[in-house]
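Report on the structure given below.
Chain letters run A, B, ... following the sequence lines, proteins first, then strands; residues in each count from 1. From a predicted model like this one, the values you see are computed outputs, not experimental measurements.
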2 protein chains.
Amino acid sequence: MLKLTKKADYGLMALKYLAERPDTPALSAKDIADAYGIPAQLLAKILQQLTKKGLLKSHAGMNGGYALSKPAASISAYEVILAIDGPFFITSCTKGAHGCDLTPSCTIKEPLARVNETIAGVLKSISIQDLAEHEHPSGQAPEPKLVTLTI
Amino acid sequence: MLKLTKKADYGLMALKYLAERPDTPALSAKDIADAYGIPAQLLAKILQQLTKKGLLKSHAGMNGGYALSKPAASISAYEVILAIDGPFFITSCTKGAHGCDLTPSCTIKEPLARVNETIAGVLKSISIQDLAEHEHPSGQAPEPKLVTLTI
DNA sequence: TGAACCCGGACTGTAACGGTCGTATACTAA
DNA sequence: TTAGTATACGACCGTTACAGTCCGGGTTCA
Ligand code: SF4
Ligand code: SF4
């Protein structure tokens, strides 16, 4: 419950890895997979999905691989999760697929939808660059962000 | 991914239902289940868990049932989820159970832990009373809350 | 006593997740 | 031109967690 998919997890790791090496033209899926110990074939598929959604640019052939299609600061964790796992909802009453059948009688779906929106806001406010820059050696506090929650 | 369990969902509904009827001594699991269309046996087990965690008080026998053990304002959604689904983590590297095996090489677990903490904060700031009072007929905005996020 | 209620474990079907395999395609360096 | 390196894509499968059911107990009260 309320757990991130490992695929999304891996995707974030890969993007961070790319963000830390902005000068390299492209990195192959195998390179990134080896760097962390992620199953290579699985990572490959994840990167393909990210490419299809426009977050990455791919290049086949020798010395090919993947590169960010946007600056790291303008890629949010939300986009990544969305691209990999599809639209995400805290509850099962999504209106899209087969939602729960007691939607009409339910009285908490509106409040929960706000919570959903809030969490999405949290994810949206985190960029890949935030992840890549997470080293604060001198101990100074990084940028704190504010999220508003309205029940 | 990132989806609330239906059990937790049902638990929140039940607590809200109880919070709206503070005068009744006790309500049986079947009563609440019938009110919404939740499978009765399933709800029963959920309420038992909540009782074991101290969020509810139970009373067996005729005219028995469940009642809140605390005022609705002091029960957070976080507690409910925690009681039903156990300690929740966004990632799989919990250190408790069988976490993912690439924890040592992973470079994003600390930032994600902060995100986890933030989401937990969101849940903690929502009380059952907030859910029960969600009717704003006159259209006035309800209490907005602030959550700080530090990457 | 018995009806109405709580308690708890065992059990099962289903679907999503994590991961693998195989093959087709694209590019490029030699 | 050809070999090698890479992406692209779909099919496949084992495991696990979730949602729900069943049943044999205990309690309380009328
Ligand atoms: S309708 Fe209510 S019970 Fe059903 S998934 Fe949505 S919030 Fe949960
Ligand atoms: S260690 Fe890294 S990859 Fe593994 S679960 Fe934690 S965050 Fe995800």
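- Side-chain proximity of Lys7(A) to the nucleotides dA19(D), dC9(D), dG18(C) is greatest for dG18(C).
- The nucleotide whose nearest atom lies closest to any side-chain atom of Met62(B) is, among dC6(C), dA3(C), dG20(D), dA3(C).
- Here the nucleotide nearest the side chain of Ala60(A), chosen from dC6(C), dA26(C), dA19(D), is dA26(C).
- Residue Lys45(A) places no side-chain atom within donor-acceptor reach of the base of dT7(D), judged by atom type and a 3.5 Å distance cut-off alone.
- For the pair Asp9(B) CG and dG20(D) C1', the computed distance is 15 Å after rounding to whole Å.
- Judged by closest nucleotide on DNA chain D, Thr51(A) is the one of Ala40(B) and Thr51(A) placed further toward the 5' end.
- Phe89(A) and Lys3(B) make their closest contact through O-CE, 3.3 Å (heavy atoms, listed as atom of the first residue, atom of the second, distance).
- In terms of phosphate contacts, His59(B) brings a side-chain nitrogen or oxygen within less than 4.0 Å of OP1 or OP2 of dC29(D).
- Not one side-chain nitrogen or oxygen of Ser58(A) sits closer than 4.0 Å to the OP1 or OP2 atom of dA6(D).
- One interatomic measurement links the two molecules: CG of Leu27(A) to C1' of dT5(D), which rounds to 15 Å at whole-angstrom precision.
- As rounded to whole Å, 14 Å separates atom C1' of dA8(D) from atom CG of Leu56(A).
- Closest-nucleotide positions on DNA chain C for Asp101(B) and Leu47(B) were compared, and the one nearer the 5' end corresponds to Leu47(B).
- Counting any heavy atom pair closer than 4.0 Å across all strands shown, Ala44(B) reaches no nucleic acid atom.
- To the nearest 0.5 angstrom, Asp9(A) atom CG is 8.0 Å from Ile38(A) atom CD1.
- A salt bridge links Glu20(B) with Lys16(B); the closest basic N to acidic carboxylate O contact falls under 4.0 Å.
- Atom NZ of Lys57(B) has 12 or fewer heavy atoms from other residues, nucleotides or ligands within 6.0 Å.
- Toward the 5′ end of DNA chain C lies the nearest nucleotide of Ser28(B), the other residue of the pair Ser28(B) and Asn63(A) mapping further downstream.
- Rounded to a whole Å, the OH atom of Tyr66(B) is 13 Å from the C1' atom of dA4(C).
- Between the CD atom of Gln48(A) and the P atom of dT25(C) there is a distance of 15 Å, given to the nearest Å.
- A sub-4.0 Å separation between OP1 or OP2 of dC17(C) and a side-chain N or O of Tyr10(A) is absent.
- Taking atom CG of Asp31(A) as the reference point, atom C1' of dA6(D) lies 11 Å away to the nearest angstrom.
- If you take CD of Gln41(B) and P of dG24(D), they are 13 Å apart, rounded to a whole angstrom.
- Sparse packing is recorded around CG of Asn63(B), with 12 or fewer heavy atoms of other residues, nucleotides or ligands lying under 6.0 Å away.
- In this structure, Leu42(B) places its CG atom 14 Å from C1' of dC11(C), rounding to the nearest Å.
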